[in-house]
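Here the structure is laid out as structure tokens; the discussion comes afterwards.
Just so it is clear, the model here is predicted, and its values are computed rather than measured. Below, chain A is the first sequence line, B the second, and so on; all start at residue 1.
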Amino acid sequence: MKKLVLIDGNSIAYRAFYALPLLHNEKGVYTNAVYGFTTMLLKVLEEEKPTHLLVAFDAGKTTFRHDTYEAYKSGRQKTPSELSEQFPLIRELLDVFQIAHTEVDHYEADDIIGTLSKRAEEEGWQVHIYSGDKDLLQLVSEKTKVILTKKGITTVETYDEQTVMDKYGITPAQIPDMKGLMGDASDNIPGVPGIGEKTALKLLKEYPTVEEVLASIDQISGKKMKERLKEHREQALMSKKLAIISRETPMDVTLDGLKREPYDPKAVTDLLKELDFRSLLKQFDEDETGEENLEEVTFETVKEVTEEMLMSPSALVVEVPDDNYHDSDIWGIAVVNHRGKYYIPTDVALHSDVFKQWASDETKEKYIFDAKRAVVALGWKGVSLKGVTHDMLIASYLIDPSASSHSAADIALRKNKKIVQTDEFIYGKGAKRVRPSEEVLGEHLVRKGVALFTLKDSLEEELQKNQQDKLFQKLEMPLSLILGKMEITGIRVDPAQLNKMGEELQKTLSDLEEEIYELAGTTFNINSPKQLGSILFEKLNLPVIKKTKTGYSTSADVLEKLSDRHEIIPKLLHYRQVMKLQSTYIEGLLKVIHPKTKKIHTMFNQAITQTGRLSSTEPNLQNIPIRLEEGRKIRQAFTPSEPDWYILAADYSQIELRVLAHIAEDDKLIQAFQDNMDIHTKTAMDVFGVEKEEVTSNMRRSAKAVNFGIIYGISDYGLSQSLGITRKEAEQFINKYLDSYPKVKEYMDTIKEEARQKGYVTTLLHRRRYLPEITSKNFNRRSFAERTAMNTPIQGTAADIIKQAMVDVNDALIEKNLKSRLLLQVHDELIFEVPEEELEEMITLVPSVMEKTIQLKVPLQVDVAYGKTWYDAK
DNA sequence: CAGGGCACGC
DNA sequence: GACGTACGTGCCCTGT
């Protein structure tokens, strides 16, 4: 059977435009509507497999409906230029896909669709119509279904006759009658004032058409209603007429002309490339062309490594397939250089003195993707890797931290080189991930090597262009080796201590559980927000403060507002907190103690955050509890790995606000830090205009919240939440702050302007973050981008500073031949383990290095503490 | 197995 | 009026 799919082009493009962020390609052409349209189109092609297909567009401004009603669609916001400029691209896209599209003067897309669906039905075809406009529902019939976009563009709802009946209680043919009565604000169709959807549907159930409703006015109950209908009878009839979709639109199109035709995949990929639709390109490539269009590569599988193979420079691929690279398998190794392309099976490499000698030779230059992964994996096997001069992962991250992927395959694709497939394509994903045959593996690794070797110069050029070469070479590259060393060193955790705490927490947990069931009058899963919500808000009838997408919110801030309303609430809050300690910190940490070393080896991700901070995984050692005493005790389990050593913690005091003082060049702030004042008290003095002695604890608390907001990108709403005040009050508060520190205000304005001009903001060491949404028409998106513009230079510069400090401290430890080891970095603090005899020296050395690492207009201040456990280093 | 809700850190 | 405090990761639950 023939199947015709009709797409309402304007409606879908419009939906896509508002559903997606304002994307643009490299040339700055906006593409979000095209992107959304394309994803939908590909989905339709794949899922519907239509034999015939057409995309209908609206034509021009006036339609035959304007002859009936001049004000039709008036008052509508003009289509934004960001959207209208995308329509030619959509047409171009349809052309390369060989998909028919049309528009007809004086008619709307609806009318084209109505006409063609009627003709197709008459031929006995099946018809599917895609739109975001409910008007189209009038076309639903036995043969025709209408698919409406629900939220965004990806979720849709299919309507047949039954669904329309279920939803509205009327037949599709009655939709125009409904519109006749209720009108349609978006098209400026008046309908009958005072009649909305509910009333319209009620009337139509009794009298099936507008005409019959009007003929029966006398029998309709309600004096007001009668009057309204009488008064607006002509308007109702006209409104209905406007809502009826034409089924006889004059046009040249024939059904046969809508037949799907094969298209040229090359033309499609070229256009997708031009639009920068990488994810679609990838999907399309895999679907349509497989791997055959990769450039050829020939390589040698090495049985014995020789010195000639290992030139300098070489690209080196060390394939560590597990997410967690500690003590992990290595599937294979590839070396690519000017002399040749080599796949070296792991055993061959690791048993070869020639290879190991070369790997550890600092003077032999290597280009690697994710050097830390290779260094750590090899390190566990006793193989040293030195001389890495280019890490492509880090380079890509510095060039654009927001890139959706920094994998070799994607970087290559971005540079328009089809050299290598993604790991996912070769290995599969999730549970289906397997080691491929030796031939496939060898070729894949060699391809990665080729990508590295050919793309390295281009990436370094970009870094240079962005003035990021120093950041790359002198900071991030050395840092990755330091991080690798920290990860291998690991931190000792005492399982006995954790187990003991775990038992106590378990007792607390079962007591709380019992009390909660008692108070709830029933047992239920406390960990399920859904079940908890129904207990609190339905069974116990507590007031609903906030809702989530899926139901009632039971988050801590909601529960805190309810804490006086029911005894169960404080128990729940405590339960949640203890549960967190037990599952994430006790059980979680016990699980990741390495069986051989008895230590915990985290992995620092150096290429993920948008601000330049590090992150830590498996486990995350950057979020070990500290605020509440019950959780803070977890830190007692973190101990030095050698007897008689100490844990030493050194943290920057108020580094972000110092950075702000520096960047904004605010004299008052700079002076405050030079005088070593309590900065929150100082802020309170300036904002409230009082003397130091007059600052109340409440004033200081408010000032602290404002400072916090400044650091994290302030919004009046956010501040109002954290202080429990109204948005208006919060806004006044912020304004008072900015009045007190005019240079800070100036900075905030300048940096936003800079972001608008350049499209990105930078940190002290030229780290970069792109903010395309800074010019968005959407208030929320734009505001978010503005806050990010203000915040990223502050947080990012703080990240620059501590990273530089790590490099400097590492140098100092080596230079002074100290045994002390750097273990962790937690954003503004460094954690060491230190032998007793080095304590005294470290207590002076570490702060002094950290404070001198980068000179700002304000002094940096570092506080040190030490103890027998991490808990005691306070 | 992905996405949502929640909670921990700075 | 806009419903969003920044940046992360991990655990549990739920629905496909």
Side-chain angles (χ1 to χ4, degrees), chain A residues 401-402 429-432 524-533 546-559 572-589 591-592 602-605 608-628 630-632 634-635 651-652 654-656 705-723 727-728 730 734 769 773 776-796 798-799 802 824-829:
Chain A
S402 73
K429 69 166 170 182
K432 289 191 284 260
F524 63 101
N525 187 344
I526 308 173
N527 292 321
S528 160
K530 196 178 162 192
Q531 293 183 34
L532 179 61
K546 197 164 77 180
K547 287 203 153 199
T548 65
K549 280 181 211 164
T550 51
Y552 312 110
S553 169
T554 65
S555 60
D557 60 316
V558 168
L559 295 187
L572 286 169
L573 283 164
H574 193 201
Y575 177 91
R576 280 252 177 91
Q577 184 201 323
V578 176
M579 189 65 195
K580 176 77 180 173
L581 294 177
Q582 184 74 306
S583 63
T584 303
Y585 296 106
I586 301 290
E587 289 167 8
L589 289 176
K591 253 185 271 180
V592 292
T602 185
M603 293 182 292
F604 289 105
N605 195 332
I608 191 96
T609 72
Q610 301 305 298
T611 54
R613 278 186 172 184
L614 301 173
S615 76
S616 152
T617 55
E618 287 187 69
N620 181 353
L621 292 181
Q622 292 182 319
N623 71 346
I624 303 301
I626 189 163
R627 289 180 186 182
L628 300 168
E630 200 173 10
R632 189 174 198 157
I634 300 281
R635 294 179 175 227
D651 69 289
Y652 281 110
Q654 303 295 353
I655 186 161
E656 282 99 348
V706 175
N707 280 332
F708 197 59
I710 295 282
I711 293 168
Y712 288 150
I714 196 151
S715 78
D716 46 12
Y717 174 82
L719 185 65
S720 73
Q721 288 295 301
S722 70
L723 283 177
R727 230 185 57 212
K728 260 266 165 289
I734 294 166
R769 183 174 187 179
E773 299 208 309
S776 171
K777 294 264 185 299
N778 179 308
F779 174 87
N780 283 324
R781 295 215 172 107
R782 189 177 64 248
S783 304
F784 184 50
E786 287 173 354
R787 296 206 301 277
T788 310
M790 298 184 273
N791 157 255
T792 296
I794 301 173
Q795 199 180 115
I802 190 153
L824 298 175
Q825 186 251 46
V826 192
H827 307 309
D828 65 356
E829 65 174 333

Using whole Å, report how far [atom1] of [X] lies from [atom2] of [N].
X	N	atom1	atom2	result
A/Y575	C/dC12	OH	P	10 Å
A/Y552	C/dC13	OH	C1'	18 Å
A/D828	C/dA6	CG	C1'	14 Å
A/D716	C/dG1	CG	C1'	12 Å
A/E786	C/dA2	CD	P	17 Å
A/L621	C/dG8	CG	P	18 Å
A/F524	C/dC12	CZ	C1'	15 Å
A/N527	C/dC12	CG	C1'	6 Å

### Query
What interatomic distance, in whole Å, is found between P of B/dG4 and the corresponding atom of C/dT5?
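Comparing P positions in C/dT5 and B/dG4 gives a spacing of 16 Å.
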### Message
I'd like the P distance from B/dA7 over to C/dC3, given in whole Å.
### Response
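About 24 Å, rounded to a whole number of Å.
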### Task
Determine: side-chain N/O of A/T617 to OP1/OP2 of C/dT9, distance under 4.0 Å, yes or no.
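Answer is no, no contact under 4.0 Å.
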### Message
It should be established whether A/N780 places a side-chain nitrogen or oxygen under 4.0 Å from OP1 or OP2 of nucleotide C/dC3.
### Response
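Looking at the OP1 and OP2 atoms of C/dC3, one of them is under 4.0 Å from a side-chain N or O of A/N780.
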### Query
Within the structure shown, what part of the strands sits under 4.0 Å from A/S783 by heavy-atom distance: base, sugar-phosphate, or nothing?
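Here A/S783 touches no strand at all.
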### Message
Near DNA chain C, counting only heavy atoms under 4.0 Å, which residues of residues 582-589 of chain A show up?
### Response
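Within residues 582-589 of chain A, the residues near DNA chain C are A/S583, A/T584.
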### Nucleotide of C/dC7, C/dT14, C/dT9 approaching A/R613 most closely (side-chain heavy atoms)
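It is C/dC7.
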### Query
The side chain of A/T609 lies closest to which of these nucleotides: C/dT9, C/dA6, C/dC7?
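That would be C/dC7.
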### Task
Might you work through the side-chain hydrogen bond (donor to acceptor under 3.5 Å, both in side chains) test for A/S776 and A/N778, ending with a clear yes or no?
CA-CA 5 Å; A/S776 171; A/N778 179 308; 5.2 Å; no
#### Entry: By salt bridge (charged side-chain N to carboxylate O under 4.0 Å, His left out) - contacts of A/D716 (at least two apart)
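For A/D716, the residues satisfying salt bridge (charged side-chain N to carboxylate O under 4.0 Å, His left out) (neighbours in sequence not counted) are A/R727.
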### Task
Return the set of residues passing ring-ring contact (aromatic ring centres under 6.0 Å, His included) with A/F604 (not counting sequence neighbours), or none when no residue passes.
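For A/F604, no residue satisfies ring-ring contact (aromatic ring centres under 6.0 Å, His included) once neighbours in sequence are set aside.
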### Task
Considering only heavy atoms of chain A and a distance under 4.0 Å, specify the first and last nucleotide of DNA chain B in 5' to 3' order that meet this criterion.
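So the outermost contacting nucleotides come out as B/dC1 to B/dC10.
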### Task
Identify the heavy atoms of A/Q622 and A/V826 that sit nearest to each other, and give their distance.
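The answer is O-CG1, 3.7 Å.
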### Task
Let me have DNA chain C in dot-bracket notation, would you? Count Watson-Crick plus G-U wobble pairs, both distances under 3.5 Å, and use [ ] for pairs crossing earlier ones and | for inter-strand partners.
......|||||||||.
### Task
Quick one: list whatever passes side-chain contact (heavy atoms from CB on, under 4.5 Å) with A/S402, sequence neighbours left out.
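Only A/D400, A/Q610 meet the side-chain contact (heavy atoms from CB on, under 4.5 Å) criterion with A/S402.
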